[in-house]
Amino acid sequence: MPDTTHRHQTPRPVPQRRSRAAPGGVRRKSTTREPIIQEFQPTEPAGPADPAEVPPEVPEAPEPEATRRAADVTESSRASRGWWDRNADDYQREHGTFLGDDRFVWCPEGLDEVEAELLGPVESLKGLDVLEIGAGAAQCSRWLAAQGARPVALDLSHRQLQHARRIAADYTGSASVPLVQADAGTLPFADGSFDLACSAYGALPFVADPVRVLREVRRVLRPGGRFVFSVTHPIRWAFPDEPGPEGLSVSASYFDRTPYVEQDEQGRAVYVEHHRTVGDRVRDVVGAGLRLVDLVEPEWPEWNTQEWGGWSPLRGSLIPGTAIFVCERD
């Protein structure tokens with residue numbers, strides 16, 4: 001699902017210093033389907049301290065600078081991993097209720113796989129091997145497991161997968177979900193390992209080489225397999241990321257593909273998002289050897305009254321916010 005804790009609060013066209021923003025090298029995991037995720041143990045407060053022993057307040061880190069510049073595969077991956085590790089707690093706290101513990105929600109509009117059946121009829125999922133890319137806390141994978149599928153939840157962020165473990169520890173469902181930490185551009189699975197793959201706002205908006213990711217997905221899919229992924233609708237790139245009326249006026253070129261980057265004082269990217277036009281996305285799918293069978297633009301439903309960053313009932317009733325690409329491997 002989309003990040004809304006920082007970028008989607010500031011218009012892209014004129015990068016500004018932001019109120020607060022916030023992915024080390026990315027290592028390829030082994031082919032183990034259930035890597036060990038070490039649980040984070042918070043330190044208990046020690047109680048009142050002698051004022052004389054209280055260390056001086058640590059100054060807050062400078063806000064990152066928002067800019068538009070090139071960002072390659074390595075820099076983008078490093079920035080994404082770091083950002084999601086730092087912000088996973090806030091993301092799950094803010095959006096956990098909407099996402100649920102075992103729902104499959106494709107987008108902020110609230111399109112649910114129960115109704116959409118973009119992966120196929122619910123009854124057809126039983127016994128299928130499914131890869132979720134950019135799984136976060138594995139909510140979608142948990143829903144798939146409840147339908148009898150055999151999902152694997154993959155994410156670049158260690159902290160997001162810790163949240164998956166946290167939810168699983170309290171989950172009353174019977175099925176467990178294997179967790180894998182890896183980069184979507186180098187999937188640690190053998191060829192033809194999965195019947196289906198899915199990604200709800202995971203990986204693709206943040207990678208510099210989407211064709212590389214799509215080719216990897218094709219590689220691990222079996223013939224006839226389907227890959228469905230959702231991303232921010234490309235038209236949104238031309239509008240400010242604001243939920244109100246100010247987010248309804250075009251302020252940038254839809255055709256400007258220069259990445260949006262937030263960087264620290266040393267010029268190192270701490271957040272990167274890449275733009276692809278609708279035509280680019282279609283060509284990426286075809287170039288990776290997949291066949292595009294549907295493109296879904298969810299309408300904003302009347303029941304959804306919440307704002308999610310730049311997504312809102314006002315904007316959603318006028319312009320699309322999400323594009324869902326349904327692809328198959330022949």
Side-chain angles (χ1 to χ4, degrees), residues 1 33 98-154 164 167-168 171-180 184 187 189 191-204 213-214 216-231 233 281-282 285-286 288-304 320-330:
M1 293 295 287
R33 292 166 72 91
F98 181 80
L99 296 174
D101 291 345
D102 56 356
R103 289 183 65 201
F104 196 132
V105 184
W106 282 108
C107 50
E109 288 85 350
L111 182 65
D112 198 304
E113 178 60 14
V114 170
E115 290 85 27
E117 294 190 337
L118 299 180
L119 294 173
V122 174
E123 60 272 16
S124 72
L125 300 175
K126 185 175 182 180
L128 298 185
D129 295 309
V130 187
L131 174 62
E132 182 185 7
I133 298 171
Q139 289 96 334
C140 298
S141 285
R142 218 167 280 112
W143 179 85
L144 287 164
Q147 314 313 312
R150 295 188 294 267
V152 175
L154 179 144
I167 294 173
Y171 183 59
T172 56
S174 58
S176 62
V177 175
L179 307 177
V180 175
L187 296 175
F189 306 104
D191 296 358
S193 295
F194 298 96
D195 302 294
L196 298 170
C198 57
S199 182
Y201 277 84
L204 283 163
V213 174
L214 292 168
E216 276 291 273
V217 173
R218 183 189 183 280
R219 180 183 64 80
V220 301
L221 279 176
R222 295 168 183 143
R226 173 170 287 201
F227 176 42
V228 184
F229 66 92
S230 61
V231 295
H233 197 289
R281 291 287 184 201
V282 172
V285 168
V286 175
L290 296 167
R291 178 167 53 90
L292 182 66
V293 298
D294 199 2
L295 172 55
V296 180
E297 299 168 297
E299 296 185 38
W300 195 276
E302 292 185 3
W303 62 262
N304 190 351
T322 296
I324 306 177
F325 294 79
V326 183
C327 318
E328 290 184 353
R329 175 186 174 177
D330 290 326

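Since the model is a prediction, treat every value here as computed from it, not as a measurement. Below, all heavy atoms of this structure are taken into account, side chains as well, without hydrogens, waters or symmetry copies.
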query: Checking salt bridge (charged side-chain N to carboxylate O under 4.0 Å, His left out) against D195, which of R222, K126, R150, R329 comes through?
result: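 Exactly one pass, corresponding to R222.
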task: If the plane angle is over 60° it's perpendicular, under 30° parallel, otherwise tilted; pick one for F325 and F229.
output: parallel
- prompt: Can a salt bridge be assigned to the pair D101 and R142 using a cut-off of 4.0 Å between side-chain N and carboxylate O?
  reply: no
- prompt: Which residue, V220, V217, V152, forms the side-chain contact (heavy atoms from CB on, under 4.5 Å) with I133?
  reply: V217
Please round to the nearest 0.5 Å and tell me the distance separating atom [atom1] of [X] and atom [atom2] of [Y].
X	Y	atom1	atom2	answer
R218	R291	CZ	CZ	11.5 Å
L144	L196	CG	CG	8.0 Å
I324	S199	CD1	OG	11.0 Å
S193	R219	OG	CZ	7.5 Å

Report yes or no: does [X] contribute a side-chain atom to a donor-acceptor pair with the main-chain N or O of [Y] at less than 3.5 Å?
X	Y	value
E113	L118	yes
S230	Y201	yes
T322	P298	no
Q139	L99	no

task: Can you establish whether the number of heavy atoms outside E115 located under 6.0 Å from its atom CD is more than 12?
output: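 More than 12 within 6.0 Å, yes.
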- prompt: Would the number of heavy atoms belonging to other residues, nucleotides or ligands and lying under 6.0 Å from CD of E117 be above 12?
  reply: yes
Would you say [X] and [Y] make side-chain contact, with heavy atoms under 4.5 Å?
X	Y	result
W143	V122	yes
C198	V130	yes
L131	L187	yes
V296	V228	no

message: My understanding is that only residues two or more places apart in sequence, or in another chain, count here; which of them pass side-chain hydrogen bond (donor to acceptor under 3.5 Å, both in side chains) with R226?
response: E328
Closest non-hydrogen atom pair, A200 against W106: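 Shortest heavy-atom contact: CB-O, 4.0 Å.
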